[in-house]
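The structure appears below as structure tokens.
For the numbers below, each heavy atom of this structure counts, side chains included, while hydrogens, waters and symmetry mates do not.
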Amino acid sequence: MFSSKLDKNVIMRHFFLILFLFSTVIYGQKTIPEVLKKYNSERVSYINVKQASIKSPVVFLDARELIEYNTSHIKGAIHVGYNKFNQKLVLEEIKDKNTTIIVYCSIGVRSEKIGEKLLKLGYSNVFNLYGGIFEWKNNGYKVFNHSEQETEYVHTYSKEWSKYLKKGIQTY
């Protein structure tokens with residue numbers, strides 16, 4: 001099939017170059033704003049961490065997977081998940097459709113999708129936490145583990161996403 005070992009080496013180099021370029025396109029965003037601009041439609045209004053930290057009364061909903069939530073979450077947040085979004089729990093826990101709800105995930109992509117579902121359910125005061133739990137921690141706010149003890153650990157979803165967490169201890 002190949003005329004020489006040299007041809008195989010050239011093909012392999014091209015393959016790895018294409019793989020590198022593809023991964024740069026997929027994971028090449030250098031900042032949280034770049035990622036959010038690329039993946040979000042902004043159909044759910046953003047709220048920044050400072051505004052979210054002083055807003056009251058508010059219900060925080062964590063749109064990450066359970067292992068992420070158990071590693072760390074915003075105090076009092078209700079875990080609703082993403083892949084298996086728990087709509088029933090939301091409807092049971094938040095009866096008033098005018099309640100201020102702040103949805104968050106790692107940086108704000110998954111939480112926008114859950115926020116859109118909440119709007120379709122009739123909730124009218126839904127916000128997406130800009131930069132998610134990473135920005136919460138990056139700005140010095142506390143996070144808590146499954147035992148409701150303060151922790152420095154933050155589940156970063158994956159090694160690629162961990163670059164956006166600047167404070168705390170990364171785990172994935």
Side-chain angles (χ1 to χ4, degrees), residues 29 31-33 35-158 160-162 164-172:
Q29 290 76 30
T31 66
I32 289 174
V35 175
L36 295 178
K37 187 164 186 72
K38 180 174 181 168
Y39 291 107
N40 283 3
S41 65
E42 297 186 37
R43 285 189 281 264
V44 179
S45 298
Y46 286 121
I47 187 168
N48 68 44
V49 295
K50 184 174 182 178
Q51 293 168 322
S53 72
I54 60 174
K55 195 146 188 83
S56 182
V58 65
V59 175
F60 283 98
L61 297 181
D62 191 310
R64 300 174 302 149
E65 298 310 318
L66 191 56
I67 190 169
E68 296 171 89
Y69 174 84
N70 284 340
T71 301
S72 61
H73 55 268
I74 295 172
K75 189 170 192 137
I78 300 169
H79 176 258
V80 295
Y82 178 74
N83 289 329
K84 295 179 181 177
F85 171 60
N86 194 336
Q87 174 181 316
K88 183 179 177 188
L89 175 66
V90 173
L91 292 169
E92 288 172 359
E93 292 287 324
I94 310 171
K95 303 235 185 273
D96 181 356
K97 299 280 179 117
N98 295 313
T99 299
T100 300
I101 300 171
I102 300 175
V103 189
Y104 71 91
C105 61
S106 296
I107 64 170
V109 176
R110 292 177 287 176
S111 52
E112 182 183 66
K113 307 299 182 252
I114 298 303
E116 290 172 351
K117 290 180 180 188
L118 294 169
L119 291 171
K120 286 180 183 174
L121 288 171
Y123 292 96
S124 60
N125 205 6
V126 179
F127 297 92
N128 184 7
L129 184 61
Y130 190 89
I133 197 168
F134 289 10
E135 277 301 290
W136 185 267
K137 186 66 179 161
N138 288 344
N139 281 274
Y141 295 101
K142 296 176 183 179
V143 294
F144 298 83
N145 64 21
H146 67 284
S147 300
E148 297 304 323
Q149 300 297 314
E150 187 177 342
T151 184
E152 288 301 309
Y153 287 93
V154 177
H155 197 291
T156 59
Y157 182 69
S158 70
E160 289 82 14
W161 289 98
S162 67
Y164 303 115
L165 181 69
K166 307 301 182 195
K167 292 185 179 177
I169 301 169
Q170 302 170 352
T171 184
Y172 48 90

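Side chain to side chain, Tyr157 and Ser106 fail the donor-acceptor criterion of an N or O pair below 3.5 Å.
The CD1 atom of Ile169 sits 12.0 Å away from atom OG1 of Thr156, with the distance rounded to the nearest 0.5 Å. Annotation: the span from Tyr46 atom OH to Glu112 atom CD amounts to 5.5 Å, rounded to 0.5 Å.
When all heavy atoms of Ala52 and Ile102 are compared, the pair lying nearest together is CB-CD1, 3.7 Å.
Sorted by first and then second residue, the side chain to side chain donor-acceptor pair (under 3.5 Å) pairs involving residues 78-92 (not counting sequence neighbours) are Glu65-Asn83. Counting only residues at least two apart or on different chains, the side chain to side chain donor-acceptor pair (under 3.5 Å) pairs with a member in residues 127-140 are Ser111-Asn128, Glu135-Asn138, Glu135-Asn139, Lys137-Glu152.
At least one side-chain heavy atom of Trp161 sits less than 4.5 Å from a side-chain heavy atom of Ile107. Side-chain contact between Phe127 and Val58 is absent, with no heavy-atom pair separated by less than 4.5 Å. Side-chain contact between Thr151 and Val143 is present, with at least one heavy-atom pair separated by less than 4.5 Å.
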Residue pair Thr171, Tyr153: steps toward the side chain to side chain donor-acceptor pair (under 3.5 Å) verdict = CA-CA 7 Å; Thr171 184; Tyr153 287 93; over 6 Å; no
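Residues satisfying the salt bridge (Lys or Arg N to Asp or Glu O under 4.0 Å) test with Glu150, not counting sequence neighbours, are Lys142. Qualifying side-chain hydrogen bond (donor to acceptor under 3.5 Å, both in side chains) partners for Arg64, counting only residues two or more places apart in sequence or in other chains: Asp62. His73 pairs by the ring pair (Phe, Tyr, Trp, His ring centres under 6.0 Å) definition with Tyr69, not counting sequence neighbours. Every side-chain hydrogen bond (donor to acceptor under 3.5 Å, both in side chains) that Ser124 has, sequence neighbours left out, goes to Asn98. Applying the side chain to side chain contact (heavy atoms under 4.5 Å, CB included) rule to Lys37 yields no partners; only residues at least two apart in sequence or on another chain are considered. Considering only residues two or more places apart in sequence or on other chains, Gln149 meets the side-chain hydrogen bond (donor to acceptor under 3.5 Å, both in side chains) condition with none of them. In this structure Asn70 satisfies the side-chain hydrogen bond (donor to acceptor under 3.5 Å, both in side chains) test with no other residue, sequence neighbours excluded. Residues satisfying the side chain to side chain contact (heavy atoms under 4.5 Å, CB included) criterion with Thr99, sequence neighbours excluded, are Val59, Ile94, Asp96, Ile101. Checked against side chain to side chain contact (heavy atoms under 4.5 Å, CB included), Lys97 has the following partners two or more places apart in sequence or in another chain: Leu91, Tyr123.
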Side-chain donor/acceptor pairs under 3.5 Å, residues 113-122, sequence neighbours excluded:
unit_1: Glu116; atom_1: OE2; unit_2: Ser41; atom_2: OG; d: 3.3
unit_1: Glu116; atom_1: OE2; unit_2: Arg43; atom_2: NE; d: 3.1
unit_1: Glu116; atom_1: OE2; unit_2: Arg43; atom_2: NH2; d: 3.4

